[in-house]
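A short worksheet on the structure shown next.
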Amino acid sequence: MDLIAETPYRFRIEQHGSMRVPGIVFASEALLPEKSEGALEQVVNVAGLPGIVGASYAMPDMHWGYGFAIGAVAATDVATGGVVSPGGVGFDISCGVRLLAADLDRDDFERRADRIMDGLSAAIPRGAGKGAVWELPDSELQRVLLEGSRYPVERGYGTQRDLDRCEDGGAVDDADTSQIGQRARARGLAQLGSLGSGNHFLEVQAVEQIYDQRAAEVFGLRQDGVCVMIHCGSRGLGHQICTDHVRAMESAMPRYGISVADRQLACAPVDSPEGRAYLGAMAAAANFARANRQVLGTAASDVFRKETGVELELVYDISHNLAKVESHAVDGETRQLCVHRKGATRALPPGHPELPPDLREVGQPVLIPGSMGTASYVLTGVPGGDAFFSTCHGAGRTQSRHQAVRSVDVKELRKELTRQGVRVRGSSARGLAEEAPTAYKDVDAVVEAAEGAGLCRKVARLVPLGVVKG
DNA sequence: ATGTTC
C-alpha cells in the first residue's frame, strides 16, 4: 500500500482492489502510524463500504481500532444504499468532551488547590462499574434516553443556558428506546454521572496561551483563567448497545448482499430495519452520554461554588464518537449523508446555520483532550475542510494498554506529574500506567497537523493543574 | 471504551 504525499499534512491512498473511494490521511510524516499497526489497512477496508462517498478519511491522531481506525471519518449516501456501521462510531457512543470556565485565575486556584481537588475527588464517581451521581429509576432513565441533557436541566442539574452551549442543544432527535435491550438499560440505571475508566478524566486546567483573542472571548476563555474539562461517554449502556447491534448486523448482512473486508465492519443500509434500529439506539445512548456530562459538570460546579464561591460557565460540550445524518454537497449536489466520526470531532465553520447565534461569528468550539499531564486544546471550525467539517479528537495512542503497563513505572509517573505541578486523584495504578503520556502521540504535533491540513484553527492551549482520573 | 472473556 502506497501513501502519496499531497501536501506536508495530507496523504493519499489510491483506490485499489475493492475500494470504492480513495483513502485520505491527514497527518505529518512523523505522525503516520506504523504500517504493521493495521490502522492504514483499516482506512482501506472502510473505503470498500457500500455507499461511501468522497474518501475514507483519517485524522492525525489515528490509531488501530475495532473495524474502523480511531480517528476515522466516513460518509455514506443514504438514498443509494449507503450503510451505517456501529464500528464507525465505536463502543463508547457519543464519548466526548465538556469544557467549563471559572471566573478564577490560576493563582486563585493554586491557593486552594488541595481542597478543590479533594472535593472533586469525592464528588466525581469513577472507575469501571462503580457509583454514579444520580441513580435513576427506569421511568427517569427513559426521559434521559429521549431528552439528553434537557432532562437533568429540568431536574435542577444545570441551567437552560447550558443547553445553548451543547452540541444539538443537549439532545439528538430520533432516539428509539424500543431498540435498547434490557441489559443495556440495566447498566445505564446505575451509571448516570460517572466518568468510567480508561482515558476518561476530569481535569482542572489553566489557559496557557491564546491564539485567537476574539474567538477565545466569545467562547468565554481568558489568559490564565481556570477551566474544568470532562472527558467521558455513555458507559456500559453505550457499550452494550454497540455489542447488541453489531451482532444483529452480522447476521443481517447476507440478506442485503453486503460483504466487508473485516467482520468488525458489520453494517446495514441506513434505510433498513437494522440500520434504523441501530441509529435509534445509538441516538438514545448519545443522549445518555450528554446527560452524563451534564450531571458531572454540575457536580464539579457545586465543588467550585462551595470552595471558591465562583460558578463554572459552560464553554461547549461536543462528541467525538457519533454517526449523524447530515446534508452535504457531493459533486455539486446536496445529498443526505450518514457521517461516521469515530475519534473525530465535528468542526462547524463560522456562519454555519446549525450554530447558535452567539457562536456563529467565530465557529464551533472543538475540544481536544491531551493525554494525562499534557496540554489540551480549544480549536474552531474553518470553511472549506474536505472531511465533512471534521477534525482530530485527542492525542491518539502509540502504545496498546498492555504495552503501556509493561513499560511504565507508576511510581515514577506519579512523581513526574507532581514535579510538573499536576495534582493527581487517581483510580487504579494500572489505569494510570495505561494512560501514561509516553503511550500517546504528542498532542501539540497532532493539532499542528490538523490545522496545517486546513481542518481547524487553534484558539487556546490549556495546561493541567489537577486531574481526577477514571 | 467495557460489570476489562457470555
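In what follows, every chain begins at residue 1, and chains take the letters A, B, ... in the order their sequences are listed.
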[X] [atom1] to [N] [atom2]: how many Å, rounded?
{"X": "A/Q240", "N": "B/dT2", "atom1": "CD", "atom2": "C1'", "value": "9 Å"}
{"X": "A/H402", "N": "B/dT4", "atom1": "NE2", "atom2": "P", "value": "18 Å"}
{"X": "A/R430", "N": "B/dT2", "atom1": "CZ", "atom2": "P", "value": "14 Å"}
{"X": "A/Q191", "N": "B/dT4", "atom1": "CD", "atom2": "P", "value": "12 Å"}
{"X": "A/Y66", "N": "B/dT5", "atom1": "OH", "atom2": "C1'", "value": "14 Å"}
{"X": "A/E435", "N": "B/dT4", "atom1": "CD", "atom2": "P", "value": "17 Å"}
{"X": "A/R126", "N": "B/dT2", "atom1": "CZ", "atom2": "P", "value": "14 Å"}

Does the side chain of A/R401 get closer than 4.0 angstrom to OP1 or OP2 of B/dT4 through an N or O atom?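 For B/dT4, OP1/OP2 do not have a side-chain N/O of A/R401 under 4.0 Å.
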Does the side chain of A/T243 get closer than 4.0 angstrom to OP1 or OP2 of B/dT2 through an N or O atom?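 So the side-chain polar atoms of A/T243 never come under 4.0 Å of the phosphate oxygens OP1 or OP2 of B/dT2.
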Taking the nucleotide of DNA chain B with the closest heavy atom to each, which residue, A/R247 or A/S197, is nearer the 5' end?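 Final value for this comparison: A/S197.
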Is the closest basic N to carboxylate O distance between A/K324 and A/E167 below 4.0 Å?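 Between A/E167 and A/K324 there is a salt bridge, with a charged N closer than 4.0 Å to a carboxylate O.
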Answer yes or no: is there an ion pair linking A/R183 with A/D244, defined by an N-O contact shorter than 4.0 Å?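 The answer is no: the pair does not qualify as a salt bridge.
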Could you give me the CA-CA distance, side-chain angles and deciding distance for A/H393 and A/H231, then say whether ring pair (Phe, Tyr, Trp, His ring centres under 6.0 Å) is met? CA-CA 11 Å; A/H393 89 302; A/H231 177 206; 7.4 Å; no
More than 12 non-hydrogen atoms from neighbouring residues, nucleotides or ligands closer than 6.0 Å to CD on A/E34, yes or no?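 Count not over threshold, so no.
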Which is true for A/G233 with a 4.0 Å heavy-atom rule: it touches a base, it touches only sugar-phosphate, or it touches nothing?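 Counting heavy atoms under 4.0 Å across all strands, no contact is made by A/G233.
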With a non-hydrogen cut-off below 4.0 angstrom, is A/G236 in contact with a base, only sugar-phosphate, or nothing?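 Sugar-phosphate: the residue A/G236, judged by heavy atoms under 4.0 Å, touches backbone atoms but no base.
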